[in-house]
Student: 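Have a look at this one.
In what follows, chains are A, B, ... by sequence order, proteins preceding strands, each numbered from 1.
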Amino acid sequence: MDTLTAPSLALDALVQPDRARTTLYTDPALFEAEMKKVFENTWVWVAHASEIPRPGDFKTAQVGLQPVIVVRDRKGVVHVHVNRCRHRAATVCEVSKGKTSSFVCPYHGWSYALDGSLRGVPYEKGYDGDLDKSQYPLLSLRVEEYNGLIFATFRRDLMPLSDFLGGARKWIDLFMKQGGGFPIRTQGEHRFRFPGNWKIQLENTTDAYHFPLVHKSFLTAADSETEESWDIMNKGGYVEDLGNGHSVMVMMPELVDLEENLDAPIPEKFKALAAELAEEHDEMTVRRIVRAVGGVGFNLNLFPNLGCSAAFFRVLQPIAVDDTEVRHVALGMEGGPAAANRERLRIHEFFQGPMGFGSPDDAEVWDRVQHGAQGGRDLWVLLNRGLSHEEVREDGHRRSDVSAETGMRAAYAQWKRLMEA
Amino acid sequence: MDTNMPAIAIDLDEAMRFVWLEADLLDHACYAEWLALWTPGGRYVVPIEPGAEDFENTLNYAYDDHAMRVKRAERLTSGQSVSASPVARTVRLLSRFRLLSAGVEGCELRCAQLLTEYRRGRERMYTADLTFRLVRGADGLRIDRKVIRLINATDALRGIGYIL
């Protein structure tokens, strides 16, 4: 049976509430289908507002496999354009970030304003006056923003971003408190690739189960306070399905709301920072910054491509069925003390990136998953951990213990809904 | 500085021989000897942005002081890291040496590094510009700063589970 002509029946054979078929990692036809059915039919994260703060600022990104430009126009409105000239399809921008007043195709010089409108066509006489430039703007996506997170979608009729985020909005707001009283800004990113399917990484963002095992070398290298705070299997955390494929994994319940417990003792590891900050800031400001400097105690997984993970954004970019790029975007305090932002950079470098003490070990096991998935293709990938004691909350959200695979079940249910549509 | 030391500027030959020693120690996993090559305040830096100079206030791939270098070396030998078990085998070639500055007490040396890694059936190459700040101690040269600028640093890299 053709998986694409009899979708729901075929999809039942691929995804069950507590399991997914191994071929979800390996089937090129499924990958091709999900790049359209999933990524072109939902809200996809493309930027944080601080990446393009001023008119003319832009960055390039992708929605599924489609290259896009995220740009702030002269009036401050953010646009997301498909990075493709309307003439003969060349990209109009190959710079990852910058500032510009227009986008000019290098092939025949067609030029576009920041809002995507076609402004100039060289040697226009050759069209004998019948080229209506108003008909050939850059293809633009719908754009909406929530608390600095900018999302885009190809769908004009999709629910508003606010509704799509739904139960995740509260957690986004909590996540952004790690500015410690200052707005959040990005401060660099680590990009790395692993030879595996994008959903393997998607699962990992709410996978506490692997942490004490895969990240043993990180825990050994960390100071004793950090090691204790990452003892997440034993801290009463939980995973909650937030709807629409989103989920949150609370690893450190004491670090959910960074504006609470400001009178708690300052951890030994941040005492030097606190002393430095105290030279120029009052005690309450110091306490707010120090409490926020290590990030929040939870990972928020926003389906399909953004993780708000502890102290950074994790961005997923599928490349091929067995090739994925991951970006770990470092966050800082806009206008905050340089010492605090330095501390955040060092924390990020310690775990993240191709030379971090955490990410390479994650990448290694994801690589192993992709390799192992070449065997036993008819077998199921098990997603049933924590299902038997999962509870349904008053708001309808399902919740189970911190190491439950509740978040993965949520993501695959949303994947299935989109693939069926 | 030892007052008995002859006031001769560090020359290219001395600097080259020293960084070849460093390269050899890393390729042969002699981490204790490698750690001893550094000044106490020395920094091992792998930047991301090509023009970065203010490493302290910028996100890097690595910005290691002595304590972090020790942890990095321990990670390669502890057996706890799945990406470093086994550690990738590496061979690095250093060439195109140039002294950017040289004095009696220290010098700045720039060179090219071609490194090939092999692990689990995959062979990869990382190419970098290296800049060393070397200082003369009582018992020879020491590394005060090593900056590794990978030519593809702004691209998406694969895991690098060893010391560049």
Side-chain angles (χ1 to χ4, degrees), chain A residues 95-97 186-195 210 212-223 312 315 317 319 323-332 338-339 341-350 352-368 371, chain B residues 43-52 54-65 67-88 90 115 117 119-122 124 126 128 148-150 152-164:
Chain A
V95 180
S96 64
K97 60 183 182 228
T186 60
Q187 50 173 357
E189 65 181 10
H190 287 142
R191 298 172 60 192
F192 73 98
R193 278 168 78 166
F194 72 96
H210 81 292
L213 304 161
V214 172
H215 298 306
K216 185 157 179 55
S217 95
F218 162 75
L219 294 169
T220 300
D223 61 88
F312 64 96
V315 187
Q317 179 55 61
I319 296 170
D323 197 2
T324 303
E325 178 177 323
V326 182
R327 294 179 179 221
H328 286 159
V329 182
L331 303 175
N341 284 329
R342 277 196 295 274
E343 185 78 27
R344 294 188 62 100
L345 290 170
R346 299 293 91 77
I347 291 170
H348 193 87
E349 288 162 356
F350 191 20
Q352 316 301 336
M355 297 189 73
F357 283 44
S359 301
D361 293 327
D362 279 325
E364 174 79 10
V365 294
W366 305 335
D367 180 347
R368 299 278 188 101
H371 189 191
Chain B
R43 286 280 182 174
Y44 168 90
V45 191
V46 185
I48 301 171
E49 295 296 330
D54 181 10
F55 305 123
E56 187 182 15
N57 291 296
T58 308
L59 186 71
N60 307 287
Y61 288 124
Y63 182 67
D64 291 359
D65 58 10
M68 278 295 286
R69 286 193 296 276
V70 170
K71 289 175 196 285
R72 204 174 283 282
E74 284 173 350
R75 183 177 145 81
L76 300 182
T77 53
S78 70
Q80 292 182 343
S81 162
V82 65
S83 63
S85 307
V87 179
T90 60
L115 182 154
E117 68 160 80
R119 185 170 181 277
R120 280 187 55 216
R122 296 192 185 107
R124 295 197 182 103
Y126 281 104
I148 300 121
R149 295 185 190 272
L150 294 164
N152 56 344
T154 56
D155 205 345
L157 306 180
R158 304 287 183 176
I160 300 173
Y162 48 88
I163 297 170
L164 284 169

Student: Within a strict 4.5 Å, meaning less than it, do heavy atoms of the A:P195 and B:R158 side chains meet?
Tutor: yes

Student: With a 4.5 angstrom heavy-atom cut-off, is it the side chain or the backbone of B:V46 that approaches chain A, or both, or neither?
Tutor: side chain

Student: Nearest 0.5 angstrom please: A:M355 CE to B:Y44 OH, how far?
Tutor: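 Going from the CE atom of A:M355 to the OH atom of B:Y44 covers 3.5 Å.
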
Student: Should B:R120 and A:E364 be marked as a side chain to side chain contact (heavy atoms under 4.5 Å, CB included) after you check the CA-CA gap, both sets of side-chain angles, and the distance that decides it?
Tutor: CA-CA 11 Å; B:R120 280 187 55 216; A:E364 174 79 10; 3.0 Å; yes

Student: With a 4.5 Å cut-off on heavy-atom pairs, point out which of B:N57, B:L164, B:T154, B:I163 contacts chain A the most.
Tutor: B:N57

Student: Under 4.5 Å, counting heavy-atom pairs only, tell me which of B:M68, B:R75, B:R122 racks up the most with chain A.
Tutor: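 Option with the top pair count is B:R75.
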
Student: The test is salt bridge (charged side-chain N to carboxylate O under 4.0 Å, His left out); show your working for A:D223 and B:K71 and say whether it passes.
Tutor: CA-CA 11 Å; A:D223 61 88; B:K71 289 175 196 285; over 6 Å; no

Student: Applying salt bridge (charged side-chain N to carboxylate O under 4.0 Å, His left out) to A:K97 and B:E49, what does each step give before you reach the verdict?
Tutor: CA-CA 12 Å; A:K97 60 183 182 228; B:E49 295 296 330; 3.4 Å; yes

Student: Using a cut-off of under 4.5 Å for heavy-atom pairs, which of B:A84, B:G159, B:S81 has the most such pairs with chain A?
Tutor: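 Most heavy-atom pairs within the cutoff with chain A belong to B:S81.
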
Student: By a 4.5 Å heavy-atom criterion (distance strictly below it), what part of B:E74 contacts chain A: side chain, backbone, both, or neither?
Tutor: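 For B:E74, neither part sits under 4.5 Å from chain A.
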
Student: Should A:R346 and B:N60 be marked as a side chain to side chain contact (heavy atoms under 4.5 Å, CB included) after you check the CA-CA gap, both sets of side-chain angles, and the distance that decides it?
Tutor: CA-CA 9 Å; A:R346 299 293 91 77; B:N60 307 287; 3.5 Å; yes

Student: Could you tell me which of A:N341, A:D367, A:D361 has the largest number of non-hydrogen atom pairs under 4.5 Å with chain B?
Tutor: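 When all of A:N341, A:D367, A:D361 are compared, A:D361 has the most.
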
Student: Should we say atom NE2 of A:H371 is surrounded by more than 12 heavy atoms from elsewhere, each under 6.0 Å from it?
Tutor: no

Student: Rounded at 0.5 Å granularity, tell me how far CZ in A:R191 sits from OH in B:Y61.
Tutor: 7.5 Å

Student: Can you tell which part of B:I48 gets under 4.5 Å to a heavy atom of chain A, answering side chain, backbone, both or neither?
Tutor: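 For B:I48, the side chain is the part near chain A, not the backbone.
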
Student: Please look at A:Q317 and chain B and tell me whether the side chain, the backbone, both or neither of the residue comes under 4.5 angstrom of a heavy atom of that chain.
Tutor: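 Contact with chain B is absent: no heavy atom of A:Q317 under 4.5 Å.
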
Student: To the closest 0.5 Å, what do you measure between CG (B:D155) and CZ (A:R193)?
Tutor: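 Nearest 0.5 Å value for the CG-CZ distance: 7.5 Å.
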
Student: Given that the side chain runs from C-beta out, which part of B:D64 has a heavy atom under 4.5 Å from chain A: side chain, backbone, both or neither?
Tutor: neither

Student: Name, in order of residue number, those residues of residues 212-221 of chain A that have a heavy atom at a distance of less than 4.5 Å from a heavy atom in chain B; otherwise write 'none'.
Tutor: A:K216, A:S217, A:T220, A:A221

Student: Does the side chain of A:Q187 reach to within under 4.5 Å of the side chain of B:L59, using non-hydrogen atoms?
Tutor: no

